[in-house]
Structures are given as structure tokens and as C-alpha cells.
Amino acid sequence: MSILVLGGAGYIGSHTVRALIEAGRDVVVADNLVTGHRAAVHPQARLYEGDLSDRAFLDRLLERESIDGVIHFAAYSLVGESVSNPLKYYRNNLCGTEVLLEALVAHGVERIVFSSTAATYGEPERIPILESDRTQPTNPYGETKLSMEKMIRWAGRAHNLRYVALRYFNACGALPDGSIGEDHQPETHLIPIVLQVALGRRERLDIFGGDYPTPDGTCVRDYIHVCDLADAHIRALTYLEQGGQSDVFNLGNGVGFSNLQVVETARAVTGHPIPSSIEARRPGDPATLVASSDKAARVLGWQPRYTDLGEIIATAYRWHRSHPQGYGDR
Ligand code: UDP
């Protein structure tokens with residue numbers, strides 16, 4: 001039996017495929033390669049190029065392969081873009097997942113692990129955030145992810161499909177050997193942008209907002225290493241295979257770093273001054289997002305191994321230094 005990874009050519013997907021293969025799983029990847037990269041797909045995984053909103057494509061794949069579990073990463077994930085182009089997010093994220101669920105139900109697949117996000121909470125009511133806290137997204141990206149969670153929950157109840165939704169906080173870092181990593185076009189995330197400055201590919205960093213109600217006025221985020229996220233997916237899959245009930249888990253380190261602290265840490269790691277200035281706020285950014293991952297620790301036995309921000313940034317730096325053009329396919 002095989003595991004189907006939708007979006008397995010993307011950033012978190014490719015790291016999870018790698019971890020699955022190392023854990024001895026047989027892996028099938030489906031990816032439309034719009035934001036994913038062919039070179040990120042592990043050579044031992046069978047790649048099917050196509051779109052999850054294409055029912056015929058999914059039917060062909062599910063007829064040919066013997067799939068008993070799905071990990072679903074395939075979605076657009078840029079907050080800013082989702083605000084300016086919400087319908088793109090509804091079409092791809094929500095409509096794509098609806099077609100996927102129909103195909104999974106038709107083919108009798110009963111387990112799905114699904115990428116969700118801290119953006120489902122919106123402006124949090126307290127820190128650290130618990131899974132049971134209010135979910136009120138402040139942007140269409142978070143809204144579509146929350147709707148995807150709900151769609152999977154209702155479909156699961158009706159059709160014998162169990163799920164785990166993993167709400168990631170700020171994914172970062174790269175495989176420590178530097179062979180795969182983060183390559184978004186355009187890049188919008190803080191750590192890769194900071195490292196592009198360190199590598200001379202950008203002149204400076206704009207820090208979005210210096211007047212937030214945080215200790216130094218810049219936003220605070222919970223940075224979690226992509227390899228720790230990959231490990232959580234395998235644990236979630238095993239949990240479902242052992243009969244675990246559908247559930248939602250936060251994945252973070254439980255420690256917040258301000259944008260200025262991230263820049264400071266990157267200066268120490270890279271030895272580069274990383275010129276930066278405080279600019280206007282970016283719409284849709286909550287001031288502080290820090291996870292409680294106690295539930296994932298308790299139920300899935302998950303503990304992040306990368307707890308030092310400098311070490312996390314060092315893994316990302318290794319990837320960016322050895323791949324200044326990313327995968328070089330755009
Ligand atoms: N950020 C920034 N400058 C940039 C990119 C991001 O100041 O060029 C800030 C952003 O406003 C947020 C934090 O860095 O406060 C993390 O943003 P990112 O896009 O990396 O992740 P998000 O929290 O949106 O998932």
C-alpha cells in the first residue's frame with residue numbers, strides 16, 4: 001500500500017516525502033508543478049503531474065495505485081495574494097479539496113492528513129493559542145483553510161473518512177544537508193528574504209510594522225522547522241492507521257520571536273549586517289502568533305527537535321547558499 005502526497009513537490013511536501021521514504025513508506029506524489037518543483041520530488045517517489053481539481057486525473061491515479069492514506073499539502077498559501085485575489089484561493093483551495101474528497105470517497109480511501117495553518121485563528125484571544133480557541137481568520141487564505149477543515153470534517157462524518165488537520169505556525173529551515181529547501185516565486189516570507197539580503201540578492205529588508213503591541217513593536221511569530229513538521233505528518237498518519245479519531249493539532253515551538261530578533265539572529269548566523277528599516281504594516285498580519293503544541297505532544301508524541309532559532313536559520317542558509325537560484329526552474 002502507498003501514501004499519496006498531494007503537493008509533494010512543494011516546500012513542506014517535499015520534506016515530508018523525504019521523511020516518509022526514510023521511514024520505509026511507498027510514496028506517490030501528485031503535483032501540478034505550478035508552485036512546486038520537479039527537482040524537489042524524491043527520486044523514489046512516483047510523480048503524477050496534474051491538478052487535484054481534475055477528477056479524471058485523480059481517478060486514473062487512484063485506479064492505478066493502491067493508496068491507503070493521503071497527505072494533502074496542495075494549496076495556495078500567500079496571505080497578501082489571498083487578500084488581493086480571494087477567488088483564486090477559493091477556487092484552488094476549496095474547490096480543489098471538494099473534488100479530491102469526492103474522489104477519495106469514491107475510491108474508499110479512509111485517512112487524510114491535511115495542512116492547515118495558524119491563520120485559521122486570526123487575531124488570537126490569548127497566547128499561546130490552543131486548538132479550542134476562537135477561529136476567526138483575518139484573510140482569505142486562513143478562511144479557505146478553515147473551510148477546508150470543515151469540509152473534511154463533515155465529509156468524514158458522512159463517509160467513513162478520518163482526518164488529522166495540522167495547523168502549522170511559521171514553517172522555516174531546510175533539510176540539513178542543503179539538498180532541498182524553500183523556493184517560492186515571488187518570495188514573501190521573512191527568513192528567506194532576510195537570507196537573500198545576506199547573500200547579496202536583495203539590498204535590504206523592509207520590516208512591516210514597528211508599532212504592534214509587542215515588546216519591540218514588531219510582529220512576533222513561532223518558527224517551526226520543516227523537518228519537525230515532516231515528522232508530525234508521519235506521526236499523524238500512524239495515529240490514524242492505529243485507529244485514532246479525527247482531530248486538529250497545532251504545530252509550533254511554543255516560543256515567539258519578533259521580526260527584529262529574527263534579523264538579529266540571521267546577522268549572527270551569516271555575519272552579514274542585513275540592512276533593514278521599519279516600514280508600514282502589511283494588511284492581515286496579527287501582532288503575535290505563538291502555539292501551544294501540548295496536544296500534539298500528548299496525543300501524537302511529537303516534540304520539535306529544532307528549538308534553537310539560530311540553528312533553524314543555519315539550515316535555511318545552507319540551502320540558500322548552495323542554491324542561490326532555488327531549483328532554477330522558474
Ligand atoms: N515580514 C517582514 N518583511 C518581509 C516579509 C515578512 O517584515 O519582507 C514580516 C511579516 O509582516 C510578519 C513576519 O515577517 O510579521 C512573518 O511573515 P511571513 O510572511 O514570513 O509569515 P506569516 O506570518 O505571514 O505566515
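The shown structure was predicted, so the numbers you read here are calculated from the model rather than taken from an experiment. Only heavy atoms go into these numbers, but all of them, side chains included; no hydrogens, no water, no symmetry mates. Both counts, for ligands and for their atoms, begin at 1 and track the order of listing.
- Every atom of ligand 1 with a heavy atom of T188 under 4.0 Å away is listed here by number and element: 5 (C), 6 (C), 19 (O).
- Residue I207 has at least one heavy-atom neighbour below 4.0 Å for each of these atoms of ligand 1: 7 (O).
- Proximity of L190 to L205: side-chain heavy atoms (C-beta onward) are separated by under 4.5 Å at one or more points.
- Counting protein heavy atoms only, atom 17 (O) of ligand 1 is closest to R282 NH2, 3.4 Å.
- A donor and an acceptor atom, one from each side chain of Q136 and T138, are nowhere located under 3.5 Å apart.
- For the pair I3 and I71, the minimum side-chain heavy-atom distance is below 4.5 Å.
- Looking at R281 against ligand 1, nothing comes within 4.0 Å, counting heavy atoms.
- Within the 3.5 Å criterion, the main-chain N or O of P86 finds no donor-acceptor partner in the side chain of S82.
- What sits closest to atom 13 (C) of ligand 1 on the protein, heavy atoms only, is N259 OD1, 3.4 Å.
- Distance from atom 25 (O) of ligand 1 to its nearest protein heavy atom, with residue and atom name: N170 ND2, 3.6 Å.
- Counting atoms of ligand 1 from 1 in the listed order, those under 4.0 Å from a heavy atom of H189 are 18 (P), 19 (O), 20 (O), 21 (O).
- Taking the six-membered ring where the residue is Trp, the centroids of H233 and Y168 are separated by under 6.0 Å.
- Close N/O approach between Y223 and ligand 1 is not found [any backbone or side-chain N/O within under 3.5 Å].
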Let me see the working for R153 and S246 under side chain to side chain contact (heavy atoms under 4.5 Å, CB included), right down to the final yes or no. CA-CA 8 Å; R153 189 172 76 221; S246 296; over 6 Å; no
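- The residue from P192, G284, C219 that puts a heavy atom closest to atom 15 (O) of ligand 1 is C219.
- Judged by distance alone, the side chain of T214 and the main-chain N or O of G217 form a donor-acceptor pair under 3.5 Å.
- From the protein, the heavy atom lying nearest to atom 7 (O) of ligand 1 is F208 N, 2.8 Å.
- Residues I129 and V290 are not in side-chain contact: their nearest non-hydrogen atoms beyond the backbone lie 4.5 Å or more apart.
- Checked by distance only, ligand 1 and L205 stay at 3.5 Å or farther apart across all their nitrogen or oxygen atoms.
- Protein heavy atom at the shortest distance from atom 3 (N) of ligand 1 is D206 O, 2.7 Å.
- Of the protein's non-hydrogen atoms, L190 N, 2.8 Å is the one closest to atom 20 (O) of ligand 1.
- Residues forming a ring-ring contact (aromatic ring centres under 6.0 Å, His included) with H159 (at least two apart in sequence, or on another chain): none.
- Of all the listed residues (D285, I193, V79, T218), I193 holds the heavy atom that lies closest to atom 8 (O) of ligand 1.
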